[in-house]
Amino acid sequence: MKKISQLIQSITPLQVVGNTDIEITDLINDSRQARPGVMFVAVKGVAVDSHRFINNVIGAGARAIVCEDMPAELNPEVTYIQVENGVIALAHIADEWFDHPSKALRLVGVTGTNGKTTTATLLYEMARLMGYKAGLLSTVKNIIDTREEVAKQTTPDHLTLNRLLHEMVQAGCEYAFMEVSSHACVQHRIEGITFAGAIFTNLTRDHLDFHKTVDNYIAAKKMFFDALPKGAFALVNADDKVGEVMLQNTLADKYRYSLRSMADFKGRIVEQRLDGTSLELNGKQVEVLFTGRFNAYNLLSVYGASLLLGFDPQEVLVKMSQLEPVAGRFQTLRSSRGYTAIVDYAHTPDALVNVLDTIREVVGTNGHIITVCGCGGDRDAGKRPIMAREAAVRSDRVILTSDNPRTEDPDEILRQMEVGLPDESRPTTLTITDRRQAIRTACQLAQSGDVVLIAGKGHEDYQEINGVKHHFDDREQVLEVFDGEK
């Protein structure tokens, strides 16, 4: 328990009405969790303004209310703290409630359109291989040392984020790595969090349903770097022009990584196969279990960040060869009939291009590429024809199928994708709404030496249709097909 006066010491209230010497039993921002002795922080969310539940929370026994708008009638048994911005206040109060956990860790955030999950996860694995306890906050899962939790958001809300970081500290973790989404930046979800370093992977079209313009999307990412403290490091992809934008106003020490030009951390692809790559890092060659230029960038950022965290350079190179691909990220499965299936999370045009270009580089003219892809519902509709066009141009055959239609009509999503198909690609393109049947058809079409790419869902083990999540795992579907081939 902590007193109200302690919890609000890091914020500047507009006014305080009531006794601040009261001890609080818990901090909540969900009125359904109300019980005696809690402090409730009311925020004006996108969908719900929780100020309307203040009376309910007080009725359940809350002792303190943090709000932007003071209620018309005040309860003399309750302390009211009026603030300018409830979200920002919640961030700092949560940091105080959990004893400033980010300051007790060397926390590195990873942002960018593609590569966040892989980079953050591999950094977690690197720290573990180097003998340290570490934590991970990612799209796929959250890990406290070795204990895993299901992740509900790429970047958790303030209370969840600080709780997880606090649990990492309690578990003896010295390092933590997390994905930082553009949504989290705009919504101040990383407000009050102390970072030891930040990584920028790349930026391409995505989330314009939320940000509206690419400039807004860039500005959201930049907020993360602008807030870094002196002494932290800012590591950016020098081969992406937006990388320099991230560094413009940061107080952190600036570093760059590149596959194309001189940089603090320079990489070169020596040779690549479907099951691995020979990679040169700052003049030292290493064999890694990853394929593709995009993965070379991810590994280069992991290498750079590891050195910036103070890990031994020679030992880092040794551990690089032990790192394994993240589930659903260029996950390679080999059929007994001689073709290869690859499950990948690529759900943006740029990510799809990266994966298909990688496959073509390795396969050359010795095999065909059959691509299964779709687009999610209730998201940026503008990328749908672009995704179809890129898949068609870079594949020998394409099967357009349902992804996560959510509340939209899956057939309408596919019609919007079909608009982007070049005329010459239409004869080699099928549209099969049922994703299970689409995957089976692609595998049936494949011959020895071919590659079937199943893009869009990667690690996800569900398909959301009409707002309901049904179990569906692309990898499981492929393995079922393989079993039938034996």
Do [X] and [Y] have a side chain donor and acceptor closer than 3.5 Å?
X	Y	answer
Gln416	Glu412	yes
Lys103	Thr194	no
Tyr297	Asp240	no

Mind checking what makes ring-ring contact (aromatic ring centres under 6.0 Å, His included) contact with [X], not counting sequence neighbours?
X	value
Phe311	Tyr132, Tyr175
His166	Phe98
Tyr345	His347, His459

Between [X] and [Y], is there a side-chain N and carboxylate O pair less than 4.0 Å apart?
X	Y	result
Asp99	Lys2	yes
Asp473	Arg475	no
Arg147	Glu149	yes
Glu125	Lys319	no
Arg293	Asp357	no

For the [atom1] atom of [X] and the [atom2] atom of [Y], what is their distance to the nearest 0.5 Å?
X	Y	atom1	atom2	value
Met178	Leu137	CE	CG	5.5 Å
Glu464	Phe472	CD	CZ	14.5 Å
Ile54	Ser31	CD1	OG	10.5 Å
Met223	Gln187	CE	CD	10.0 Å
Leu247	Phe225	CG	CZ	7.0 Å
Leu161	Arg163	CG	CZ	10.0 Å

Are any side-chain N or O atoms of [X] and backbone N or O atoms of [Y], one a donor and one an acceptor, separated by less than 3.5 Å?
X	Y	value
Asp378	Thr407	yes
Thr79	Thr20	no
Thr113	Thr204	yes
Arg128	Leu123	no
Arg106	Leu309	yes
Tyr124	Thr119	no
Asp403	Cys375	no
His51	Cys67	no
Ser301	Asn298	yes
Ser258	Lys266	no

Answer yes or no: are there more than 12 heavy-atom neighbours, outside [X] itself, under 6.0 Å from its atom [atom1]?
X	atom1	result
Glu84	CD	no
Gln314	CD	no
Lys254	NZ	yes
Lys44	NZ	yes
Asp69	CG	yes
Glu324	CD	no

So which atom in [X] and which in [Y] form the shortest heavy-atom distance, rounded to 0.1 Å?
X	Y	answer
Ala134	Ala127	CB-CB, 3.9 Å
Leu352	Ala455	CD1-CB, 3.8 Å
Ile4	Asn19	CD1-O, 3.6 Å
Phe233	Leu228	O-CD1, 4.1 Å
Glu179	Ala120	CG-CB, 4.3 Å
Gln6	Gln9	O-CG, 3.0 Å

Check: [Y] and [X] side chains under 4.5 Å, non-hydrogen atoms:
X	Y	answer
Pro101	Asp95	yes
Asn282	Asp264	no
Arg256	Ser261	no
Lys383	Thr348	yes
Val87	His158	yes
Asn295	Thr277	no
Val140	Arg329	yes
Tyr217	Val242	no

Worksheet item: Between Phe224 and Phe195, is the ring centre distance below 6.0 Å?
Response: yes
Fill in: Criterion side-chain contact (heavy atoms from CB on, under 4.5 Å) on Asn162 and Ile193, from CA distance to verdict
CA-CA 8 Å; Asn162 279 281; Ile193 301 297; 3.8 Å; yes
Worksheet item: Would Phe200 and Leu235 satisfy side-chain contact (heavy atoms from CB on, under 4.5 Å), going step by step from the backbone distance to the final call?
Response: CA-CA 6 Å; Phe200 169 76; Leu235 176 62; over 6 Å; no
Discussion item. As a test of understanding, state which of Asn75, Ile81, Ile58, Val41 forms a side chain to side chain contact (heavy atoms under 4.5 Å, CB included) with Ile65.
Written reply: Ile58
Discussion item. Testing Thr201, Asn114, Val353, Thr358 one by one against Phe294 for a side chain to side chain contact (heavy atoms under 4.5 Å, CB included), which residue passes?
Written reply: Thr358
Discussion item. Distance to the ring centre below 6.0 angstrom and angle to the axis at most 45 degrees; does that hold for Lys457 and Tyr462?
Written reply: yes
Discussion item. For a side-chain contact (heavy atoms from CB on, under 4.5 Å) check, start with the C-alpha distance between Val83 and Ile8, then their side-chain angles and the critical distance, and finish with the verdict.
Written reply: CA-CA 10 Å; Val83 295; Ile8 66 173; over 6 Å; no
Item to complete: Under the side-chain contact (heavy atoms from CB on, under 4.5 Å) rule, what do Thr139 and Lys116 come out as? Steps first, then yes or no, please.
Response: CA-CA 9 Å; Thr139 302; Lys116 294 189 299 295; 5.6 Å; no
Practice prompt. Check Asn404, Asp474, Thr401 against Arg435 for a side chain to side chain donor-acceptor pair (under 3.5 Å) and give me the one that passes.
Written response: Asp474
